[in-house]
Amino acid sequence: MYFVYEDCINVVLEFLPPSMKENFGYREVVLILLLENQYLEKIGIAGNPPKEDAPFIVDYLEVEQFIIEKAKKLLYNITVEEVRKVLEGEEVYMRKISIISDLD
């Protein structure tokens with residue numbers, strides 16, 4: 001299967017805890033996923049074609065910091081916890097479509 005952003009966004013939105021959904025929604029999920037992709041392109045993992053072959057290791061603390069800093073420049077105040085929940089939801093989606101497995 002292929003990664004489909006709209007499907008991923010829907011899985012992430014379902015994954016988010018109810019307390020987070022009150023002030024956090026579709027727009028913020030899209031922003032975080034796009035900024036994550038921008039980071040992955042910057043380090044050569046994402047893109048067409050990617051510069052790196054799988055398997056690869058991603059420093060998610062660095063990803064979180066990149067997302068938060070870029071979001072602030074766009075006037076979004078996104079927390080580390082929000083970024084983590086979105087990325088966890090994205091992982092649920094990627095496992096669901098078998099892009100990653102329990103061995104990863």
Item to complete: Check G89 against V11 and note the closest heavy-atom contact, atom names and distance.
Response: O-CG1, 3.9 Å
Fill in: Minimum-distance pair of heavy atoms, taken over all atoms of L13 and K21
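Closest approach of L13 to K21, heavy atoms only: O-CE, 2.9 Å.
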Worksheet item: Are K85 and E88 within salt-bridge range, i.e. N to O under 4.0 Å?
Response: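 Salt bridge between K85 and E88, a charged N being under 4.0 Å from a carboxylate O: yes.
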Worksheet item: Salt bridge between K73 and E69, side-chain N to carboxylate O under 4.0 Å?
Response: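 Between E69 and K73 there is no salt bridge, as every charged N stays at least 4.0 Å from the carboxylate O atoms.
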Hey, what do you get for [atom1] ([X]) to [atom2] ([Y]), rounding to the nearest 0.5 Å?
{"X": "I68", "Y": "E82", "atom1": "CD1", "atom2": "CD", "result": "9.0 Å"}
{"X": "L16", "Y": "E22", "atom1": "CG", "atom2": "CD", "result": "12.0 Å"}
{"X": "E64", "Y": "I67", "atom1": "CD", "atom2": "CD1", "result": "7.5 Å"}
{"X": "E28", "Y": "M20", "atom1": "CD", "atom2": "CE", "result": "8.5 Å"}
{"X": "E91", "Y": "K96", "atom1": "CD", "atom2": "NZ", "result": "14.5 Å"}

Practice prompt. Let me see the working for N37 and E41 under side chain to side chain donor-acceptor pair (under 3.5 Å), right down to the final yes or no.
Written response: CA-CA 6 Å; N37 192 64; E41 285 179 350; 3.3 Å; yes
Practice prompt. Scan for ring-ring contact (aromatic ring centres under 6.0 Å, His included) pairs involving residues 4-44, sequence neighbours excluded, and state none if there are none.
Written response: F3-Y5, Y39-F66
Worksheet item: In the single-linkage hydrophobic clustering (I, L, V, M, F, W, Y; side-chain heavy atoms under 4.5 Å), do L74 and V63 co-cluster?
Response: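 Yes; tracing contacts between hydrophobic side chains, which count when under 4.5 Å, links both residues.
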Worksheet entry | Intermediate values then yes/no, side chain to side chain contact (heavy atoms under 4.5 Å, CB included), Q38 and L34 | CA-CA 6 Å; Q38 187 179 73; L34 290 175; over 6 Å; no
Practice prompt. Determine, stepwise, if the pair E36 / Y60 fulfils side chain to side chain contact (heavy atoms under 4.5 Å, CB included).
Written response: CA-CA 10 Å; E36 178 200 26; Y60 276 96; 3.9 Å; yes
